[in-house]
Amino acid sequence: MLDHTAAADTVMTDRLERVTAHEHPERSLVLIKPDGFRRGLTGEVVRRIEAKGYVLVAVTVTQAQPEQLAAHYAEHEGKPFYEPLVEFMSSGPLAAAVIEGHGCIAGFRALAGATDPTAALPGTIRGDLARDWGGAVQQNIVHGSDSPESAAREIGIWFPELG
Ligand code: IDP
Ligand code: MG
């Protein structure tokens, strides 16, 4: 009897975990970089995110602090575009957002398009709205997290209250 109850409990717990996992949608950190913000494209980017069906969890407008950018772009430190990248990201306000929805990390990167705005396909944010301006850094309108680990780390940098 006791064994039967324990077995039933295990089945129930497994089921609950499956359901719970399914009901916890993924989150991603999106930045509308200073070029996008300056050009008044924040609404257009948010429109595309919402039109796709992802949900906004948080949005803010902020001037990036040097320590935030150092943490956010730690993986690129030492690369030739790192200093211009930090300078560009400090050049004016940006909008930061947390979005939510199953698969939104890969889904937003598909919406964003390729890193290089010249190569980014029409239909994508970068393909439609960004171009090469001849500078040392690619000004490509948006950032999106590239993995669940990056998303958790980046949400902690820009939205400590959600981290
Ligand atoms: P991602 O934003 O598509 O994830 P990353 O490789 O993580 O691309 O690079 C971060 C940012 O650094 C890019 O979005 C772009 O602004 C800039 N960047 C990346 N690679 C280059 C490059 O080769 N030249 C100039 N800027 C670059
Ligand atoms: Mg990246």
Side-chain angles (χ1 to χ4, degrees), residues 24-163:
H24 267 294
E26 191 170 86
R27 288 183 172 184
S28 184
L29 186 277
V30 170
L31 299 177
I32 293 93
K33 299 182 180 186
D35 58 334
F37 185 85
R38 197 179 292 128
R39 289 174 53 202
L41 296 172
T42 303
E44 173 62 15
V45 171
V46 168
R47 188 195 67 73
R48 290 177 184 223
I49 290 168
E50 291 193 317
K52 176 78 171 172
Y54 300 135
V55 172
L56 289 172
V57 176
V59 192
T60 190
V61 173
T62 185
Q63 174 69 48
Q65 296 305 301
E67 55 275 13
Q68 286 178 304
L69 293 174
H72 183 83
Y73 283 127
E75 65 173 311
H76 295 305
E77 206 187 335
K79 294 182 184 171
F81 61 83
Y82 178 77
E83 293 298 338
L85 177 60
V86 169
E87 194 182 329
F88 160 56
M89 292 297 289
S90 310
S91 66
L94 54 76
V98 175
I99 65 168
E100 190 172 78
H102 298 289
C104 73
I105 292 173
F108 178 75
R109 287 181 68 89
L111 286 182
T115 305
D116 175 355
T118 301
L121 293 177
T124 66
I125 292 168
R126 289 161 168 172
D128 288 348
L129 307 173
R131 54 162 282 194
D132 182 358
W133 296 98
V137 71
Q138 286 158 343
Q139 301 191 21
N140 54 10
I141 312 282
V142 285
H143 165 85
S145 306
D146 63 8
S147 68
E149 296 70 31
S150 301
R153 195 177 65 79
E154 293 169 359
I155 289 169
I157 294 169
W158 299 97
F159 294 92
E161 67 279 15
L162 296 178

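Counting convention: from 1, in listed order, for ligands and their atoms alike. Just so it is clear, the structure is predicted and the values come from calculations on it, not from any experiment.
- Screening R27, E154, E26 against S145 for a side-chain hydrogen bond (donor to acceptor under 3.5 Å, both in side chains) leaves a single residue, E154.
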Could you go through ligand 1 and list every pair where one of its N or O atoms sits under 3.5 Å from a protein N or O, giving the atom names and the distance to one decimal?
unit_1	atom_1	unit_2	atom_2	d
ligand 1	2 (O)	R126	NH2	3.2
ligand 1	3 (O)	T115	OG1	2.5
ligand 1	3 (O)	R126	NH1	3.2
ligand 1	4 (O)	R109	NH1	3.0
ligand 1	4 (O)	R109	NH2	3.3
ligand 1	7 (O)	H76	NE2	2.9
ligand 1	8 (O)	T115	OG1	3.4
ligand 1	9 (O)	H76	NE2	3.3
ligand 1	14 (O)	K33	NZ	2.9
ligand 1	14 (O)	N140	ND2	2.9
ligand 1	16 (O)	K33	NZ	3.2
ligand 1	16 (O)	Q138	O	2.8
ligand 1	26 (N)	Q138	N	3.1

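- Y73 and H143 make their closest contact through OH-ND1, 4.3 Å (heavy atoms, listed as atom of the first residue, atom of the second, distance).
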Pair up each side-chain donor or acceptor in residues 104-120 with any protein partner under 3.5 Å, not counting sequence neighbours, and list the distances.
unit_1	atom_1	unit_2	atom_2	d
R109	NH1	G144	O	3.0
D116	OD1	T118	N	2.9

Return all side-chain donor-acceptor pairs below 3.5 angstrom for residues 76-91, not counting sequence neighbours, or 'none' if the list is empty.
unit_1	atom_1	unit_2	atom_2	d
H76	ND1	K79	NZ	2.9
S90	OG	V86	O	2.7
S91	OG	R38	NH2	2.6
S91	OG	F88	O	2.6

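- Qualifying salt bridge (charged side-chain N to carboxylate O under 4.0 Å, His left out) partners for R126, counting only residues two or more places apart in sequence or in other chains: none.
- Salt-bridge check for E149 with R153: failed, with every basic side-chain N at 4.0 Å or more from each acidic carboxylate O.
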